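Below: the structure, in structure tokens.
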Amino acid sequence: MSELVKTLRNYADSDYLPMHMPGHKRRLGAGEMGDPFFIDITEIEGTDNLHHAEGVLKHVQEQAAELYHSEETHYLVNGSTCGILTAISGCVSRGGTILLARNSHKSAYHGVMLRDLNVKYLYPQSTGDLGINGAIDPADVEKMLEQDPSIQAVMITSPTYDGVVSDVRKIAEITHKKGIPLIVDEAHGAHFPFSEQFPEDSVTAGADVVIHSLHKTLPSLTQTALIHFNGNRIDRERLRYYLTVYQSSSPSYILMSSMDLCMDWVREHRQAFEDFCGRLKDFREMLGSMKHLELLEVPGMDRSKILISVRHTSMAGENLSDRLRQNYHIELEMAALTYVCAITTVADGEDELKRFGQALLAIDADLGTEASKVQEKSRRLVSQQDRVISTEQVISMGQAQEQPSMWMSLYEAEGSISAGFVTPYPPGIPVLTPGERVSRAIIERLEACAADGLVVEGFNEGAVKVLCSVTAKVINERG
């Protein structure tokens, strides 16, 4: 048996409870496709062609569009990443300007870089001392569009990784008054249309291009996603072209079959989502008795995302995640500095949610008796939050990546210009992008991430990649 298969089977055969994606939780949809090798084929007579769908694939994509109330829907076998790259490339001309939420996934920044775009940023609203990013304020969108008429498209993430939802309907109205499209990365909201107890989905709210990751919250295999096109503010032919650029020319029929099975399951099990919402309500009420850990809630958020804050304890998020993993065999989606995130889906039954809740209550009770518990957080955790940090873009991402660069110790890098992406993963939102100034706030954030053992791509052995000093000096002198 291969090493990787052995590793995966050992995890699957264990008693670990997955409070993370994929949304099927290794329970829903199992066995319906049979042996995947028997349906792993290529484009032969009768199986259609994803890049020129005229038969069965055209039909199943039209069924998906009907389910999501979209005018046009396409299967994505390269995940939401290829949908985001397609949306940006198809809606903004090379060298043009995009208005982008600064808490976007790293693939959005890759799209900006590949098209050598100018980028203007929208920063999420504050959530006080909760330590998470809030929604995008529609007023900020309106202000930025008034200030810069060269903006060709607006892109936001809603819901965020933490389940925070923006007023997509209002933002769409604002962008449409300017005649430009709204792109919504709704990767974590593929389940929204299937119960009124979830937030309004972005297709219904009027967005022009919407991307959904089926595998994040629905019973579909990893790497499966959808992209929806609506309205006449977008060039659909151009968008379809970029789908052929960013998707494999040999799309997996296993993945496409998984998407079709997922859509069938949703159509046949709508009541399952209402039942799931009922279980969520009971679960969240159960956590209301915690005295030290805190269930974070933001108005209008997706309540299937479970955010547990450690801000009133001596722990960091990684400590809580480790304790759940080691003592209770529960694996979370993400650990941040001041909180953890768990993903619950329609595949989580009463027993699974009860087990998760009992573990959190037990840890909470232990915190009340631990001798190490302190009343005040350490200075590090007081000063650090998990929100997006405002940055200074000195030169474009594309320009920065073309310049000579070097690795520099974080402690010496203040004031330097970044030559690469520095991205805590998950959630995959860059703290620093190429061409941005390394500020004191960014240094403090990365120090905190390192102290808590969080994985940060582009931050290696205490160093970040910056432009060589001579190049940076010339850029700074030019202003």
Side-chain angles (χ1 to χ4, degrees), residues 21-25 28-29 59-76 79-80 83-84 87 135-136 155-173 181-221 224-231 234 256 258-281 298-305 343-348:
M21 64 181 77
H24 55 72
K25 301 294 183 87
L28 287 185
H59 179 63
V60 297
Q61 289 178 114
E62 287 173 345
Q63 287 184 317
E66 183 179 352
L67 190 61
Y68 278 91
H69 305 290
S70 173
E71 295 174 9
E72 183 176 336
T73 295
H74 294 268
Y75 278 8
L76 303 177
S80 284
I84 290 169
I136 296 296
M155 180 173 177
I156 64 171
T157 300
S158 178
T160 66
Y161 205 96
D162 300 322
V164 177
V165 176
S166 295
D167 188 346
V168 175
R169 182 172 290 276
K170 181 63 176 176
I171 293 172
E173 290 174 359
L182 172 63
I183 304 166
V184 180
D185 173 4
E186 197 169 78
H188 283 260
H191 58 295
F192 281 8
F194 309 129
S195 172
E196 291 184 357
Q197 298 186 61
F198 297 130
E200 182 180 37
D201 67 280
S202 294
V203 173
T204 303
D208 302 86
V209 182
V210 179
I211 301 101
H212 283 130
S213 278
L214 293 182
H215 72 94
K216 284 181 168 63
T217 60
L218 293 177
S220 190
L221 292 178
T224 58
L226 301 173
I227 188 168
H228 309 280
F229 302 151
N230 296 284
I234 53 177
M256 291 187 286
S258 174
M259 286 187 262
D260 191 28
L261 283 170
C262 177
M263 298 295 93
D264 279 348
W265 189 92
V266 170
R267 274 188 289 269
E268 296 168 5
H269 295 84
R270 296 297 288 264
Q271 183 58 40
F273 292 93
E274 302 304 327
D275 295 341
F276 169 53
C277 289
R279 295 194 297 274
L280 270 179
K281 181 176 182 293
V298 177
M301 72 178 291
D302 174 17
R303 290 165 65 83
S304 71
K305 287 293 181 71
I343 292 180
T344 65
T345 76
V346 69
D348 289 306

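Everything numeric here is computed off the predicted structure, so don't read it as measured data.
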Ala172 to Ala207 - nearest heavy-atom pair and separation:
CB-N, 4.4 Å
Are Phe276 and His191 an aromatic pair, judged by ring center distance below 6.0 Å?
no
Any side-chain heavy-atom pair of Ile183 and Ile211 under 4.5 Å:
yes
Given side chain to side chain donor-acceptor pair (under 3.5 Å), test His228 with Thr73 step by step and report yes or no.
CA-CA 4 Å; His228 309 280; Thr73 295; 2.8 Å; yes
Taking the side chain as everything from C-beta on, heavy atoms only, tell me whether Gln197 gets closer than 4.5 Å to Arg303.
no
Do the non-hydrogen side-chain atoms of Phe229 and Asp208 ever get within less than 4.5 Å of each other?
no
Test item: Ser80 and His212 side chains (from C-beta on) under 4.5 Å apart, heavy atoms
no
Ring centre gap for Phe192 and Phe273 strictly below 6.0 Å:
no
Test side chain to side chain contact (heavy atoms under 4.5 Å, CB included) on Val210 and Tyr68 and set out the steps.
CA-CA 11 Å; Val210 179; Tyr68 278 91; over 6 Å; no
More than 12 heavy atoms of other groups within 6.0 Å of His59 NE2
no
Can you name the closest pair of heavy atoms from Leu218 and Cys262 and give their distance?
CB-SG, 3.8 Å
Contact between Val168 and Ile156 at the side-chain level, heavy atoms closer than 4.5 Å - yes or no?
yes
Heavy atoms, side chains only, cut-off 4.5 Å: are Lys305 and Ile343 in contact?
yes
Tyr75 vs Asp260, test: side chain to side chain contact (heavy atoms under 4.5 Å, CB included). Steps then yes/no.
CA-CA 9 Å; Tyr75 278 8; Asp260 191 28; 3.8 Å; yes
Interatomic spacing from CG in Leu182 to CD1 in Ile171 - rounded to 0.5 Å
6.5 Å
Could you state the interatomic distance from CG (Leu261) to NE2 (His24), rounded to the nearest 0.5 Å?
12.0 Å
Please report the interatomic distance CE(Met155) to CG(Asp185), rounded to the nearest 0.5 Å.
5.0 Å
Ser158 side chain to Ser166 main-chain N or O, any donor-acceptor pair under 3.5 Å?
yes
Please answer whether the main-chain N or O of Val164 pairs with a side-chain N or O of Asp162 as donor and acceptor at a distance below 3.5 Å.
no
Within this structure, what is the CG-NE2 distance for the pair Leu76 and His215, rounded to the nearest 0.5 Å?
10.5 Å
Salt bridge Lys25-Asp348, side-chain N to carboxylate O under 4.0 Å:
yes
Gln61 side, atom CD; Met256 side, atom CE - distance, nearest 0.5 Å
8.5 Å
Closest heavy-atom pair, Ser258 versus Leu221, reported as atoms and distance to 0.1 Å, is OG-N, 2.8 Å
Apply side chain to side chain donor-acceptor pair (under 3.5 Å) to the pair Asp302 and Ser304, showing each step before the final yes or no.
CA-CA 6 Å; Asp302 174 17; Ser304 71; 2.9 Å; yes
Glu71 CD: over 12 foreign heavy atoms closer than 6.0 Å
yes
Kindly indicate whether the side chain of Arg169, heavy atoms from C-beta on, has any atom under 4.5 Å from the side chain of Glu200.
yes
Met259 vs Leu214, test: side chain to side chain contact (heavy atoms under 4.5 Å, CB included). Steps then yes/no.
CA-CA 8 Å; Met259 286 187 262; Leu214 293 182; 3.6 Å; yes
Looking at Tyr161, does the NZ or CZ of Lys216 lie under 6.0 angstrom from its six-membered ring centre and within 45 degrees of the ring axis?
no
Using 0.5 Å steps for rounding, measure from the CH2 atom of Trp265 to the CZ atom of Arg270.
10.5 Å
Note, Ser70 side chain near Asn230 side chain (heavy atom, < 4.5 Å):
yes
Where is the tightest heavy-atom contact between Ala87 and Val209, given as atom of each residue plus distance?
CB-CG1, 3.8 Å
Inspect the surroundings of CD in Glu62 and state if more than 12 heavy atoms from other residues, nucleotides or ligands are less than 6.0 Å away.
yes
